[in-house]
Amino acid sequence: SLVARDAVVGVSGTGTVTSTIYSTNFDSSTSTTGWTFGGTQVVWAPDDTPSSFPGGSYKSAPNSLNYNDGTDYDNGAANTGSATSPSITLTGYTSPTLKFQCNFQTEDAAGYDIRRVVIKADGVVTPVLDAQLLSANASALIGNCSASGTWHEHTITLDPAWGTITIEFFFDTVDSWTNDKAGWAVDDLVVTDTPASSGGGMGGGAVGGN
């Protein structure tokens, strides 16, 4: 399901008050409300496929958002696919953070089966963050993946100066070889923050269903 910004306020173990700006676990029929999907035949989908996904096709039952067309991403040709979040407003926050769960069974090299996280800001042509996910030598901004078939969490520091952003997961096989794998899955995406004040950050933002 989706959670609208400022819908959830909690207290961390350190006593710090946190706000949920946006979150989705990709589980319900409304979990991808506002998301847009693009691709060449193979597409991203919120489901529990394939059943043979090493480490499981989701972190929290029953679904994840994954790129595999239900079985794998082998359509006989090179293919790409993107999944882009609704607009999320960071204005009024002090230290917003993006976290999401990640699992993959793909080639894990800089030039093949490229898994990228791209963050774009309204009015800015160049992405404010464009990082490839790898199990070694990935950008320090996003951190290394754990081994293939292992669910793990990525944490990305966001900048309130970016204003309104979108988060894109982009996959590119580059070629038509070795694509008979389970693909890439993400789950339990959440953007949280400590508000600048009790009234901070109450402007527009992403709103979704329950």
Side-chain angles (χ1 to χ4, degrees), residues 1-8 18-28 30-39 43-47 58-60 63-68 80-104 106 114-134 138-145 151-172 183-194 201 203-209:
S1 62
L2 297 170
V3 175
R5 70 192 311 272
D6 294 313
V8 177
T18 60
S19 283
T20 297
I21 302 171
Y22 174 84
S23 72
T24 179
N25 53 23
F26 304 110
D27 288 342
S28 73
T30 59
S31 64
T32 54
T33 299
W35 284 73
T36 57
F37 301 94
V43 295
W44 286 87
D47 58 33
Y58 51 77
K59 174 63 176 180
S60 62
N63 296 328
S64 67
L65 180 65
N66 52 72
Y67 185 85
N68 55 40
T80 65
S82 62
T84 304
S85 76
S87 295
I88 301 167
T89 297
L90 305 179
T91 304
Y93 288 95
T94 55
S95 54
T97 299
L98 164 65
K99 294 185 178 182
F100 64 91
Q101 295 288 331
C102 174
N103 189 15
F104 70 97
T106 68
I114 295 171
R115 309 184 308 277
R116 288 167 48 206
V117 176
V118 182
I119 298 178
K120 300 176 181 177
D122 282 3
V124 179
V125 175
T126 303
V128 293
L129 185 146
D130 187 346
Q132 181 178 356
L133 292 174
L134 293 162
S139 167
L141 297 174
I142 195 167
N144 288 337
C145 285
W151 279 101
H152 54 279
E153 184 176 74
H154 291 280
T155 299
I156 302 173
T157 299
L158 307 176
D159 187 342
W162 294 343
T164 300
I165 65 167
T166 56
I167 301 162
E168 176 186 331
F169 298 101
F170 180 82
F171 187 75
D172 183 355
W184 181 21
V186 298
D187 205 355
D188 299 341
L189 182 150
V190 60
V191 179
T192 59
D193 190 68
T194 303
V207 177

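Please read all numbers here as calculations on a predicted model, not as lab measurements.
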Atom pair CD1/CG of Ile88 and Leu158 - distance to nearest 0.5 Å: 8.5 Å

With sequence neighbours excluded, what pairs up with Phe170 under the ring pair (Phe, Tyr, Trp, His ring centres under 6.0 Å) test? none

Kindly indicate whether the side chain of Thr166, heavy atoms from C-beta on, has any atom under 4.5 Å from the side chain of Ile119. no

Nearest-0.5 Å distance, OG of residue Ser139 to CG of residue Leu129: 6.5 Å

For Thr18 and Asp193, run side-chain contact (heavy atoms from CB on, under 4.5 Å): C-alpha distance rounded to whole Å, both residues' side-chain angles, the deciding distance at 0.1 Å, then the answer. CA-CA 5 Å; Thr18 60; Asp193 190 68; over 6 Å; no

When every non-hydrogen atom of Tyr67 is compared with those of Val43, the smallest separation belongs to CD1-C, 3.9 Å

Spatial distance of atom NE2 (His154) from atom CG (Asn144) [nearest 0.5 Å]: 8.5 Å

With a 4.5 Å limit on heavy-atom distance, are the side chains of Cys145 and Phe104 in contact? yes

Any luck finding a side-chain donor-acceptor pair between Thr89 and Thr164 under 3.5 Å? yes

Between Gly163 and Thr91, the two heavy atoms sitting closest are CA-OG1, 3.7 Å

Are any of the side-chain heavy atoms of Phe26 and Leu189 separated by less than 4.5 Å? yes

In short, Val186 meets Ser64 closest at the heavy-atom pair O-CB, 3.3 Å

Run the side-chain contact (heavy atoms from CB on, under 4.5 Å) check on Thr32 and Thr24 step by step: do they pass? CA-CA 8 Å; Thr32 54; Thr24 179; 5.8 Å; no

Can you check whether Thr30's main-chain N or O pairs, donor with acceptor, with Ser28's side chain at less than 3.5 Å? yes

Interatomic spacing from CG in Asp172 to CD1 in Ile114 - rounded to 0.5 Å: 5.5 Å

Apply the test side-chain contact (heavy atoms from CB on, under 4.5 Å) to residues Thr20 and Val190: give CA-CA distance (whole Å), side-chain angles for both, the deciding distance (0.1 Å), then the verdict. CA-CA 7 Å; Thr20 297; Val190 60; 4.1 Å; yes

Could you tell me the separation between the CD1 atom of Ile167 and the OG1 atom of Thr84, rounded to the nearest 0.5 Å? 10.0 Å

For Asp187 and Ser60, indicate whether the former's side chain and the latter's backbone hold a donor-acceptor pair under 3.5 Å. yes

So, the side chain of Asn25 versus the backbone of Asp188: is there a donor-acceptor pair under 3.5 Å, distance only? no

Counting only N and O atoms by type, is there a donor-acceptor contact under 3.5 Å from the side chain of Asn63 to the main-chain atoms of Asp27? yes

Over all atoms of both residues, closest heavy-atom pair of Val128 and Ala121: CG1-CB, 4.0 Å

Using the six-membered ring wherever Trp is involved, compare the ring planes of Trp35 and Tyr22 and label them parallel, tilted or perpendicular (cut-offs 30° and 60°). tilted

Quick check: do Pro96 and Ile21 have side-chain heavy atoms less than 4.5 Å from each other? yes

How are the rings of Phe169 and Trp44 set to each other: parallel, tilted or perpendicular (split at 30° and 60°)? tilted

Would you give the length of the straight line joining atom CD of Glu153 to atom SG of Cys102, rounded to the nearest 0.5 angstrom? 11.0 Å

Would the distance check show the side chain of Arg116 and the main-chain N or O of Ala131 forming a donor-acceptor pair, the cut-off being under 3.5 Å? no

Quick one, Val117 with Phe100, criterion side-chain contact (heavy atoms from CB on, under 4.5 Å). Give me CA distance, side-chain angles, the key distance, then yes/no. CA-CA 11 Å; Val117 176; Phe100 64 91; 3.8 Å; yes

Judged by atom type as modelled, is there a donor-acceptor pair below 3.5 Å linking the side chain of Asn66 to the main-chain atoms of Asp47? yes

Measure the shortest side-chain to side-chain distance between Thr106 and Arg115 over non-hydrogen atoms and say whether it is less than 4.5 angstrom. yes

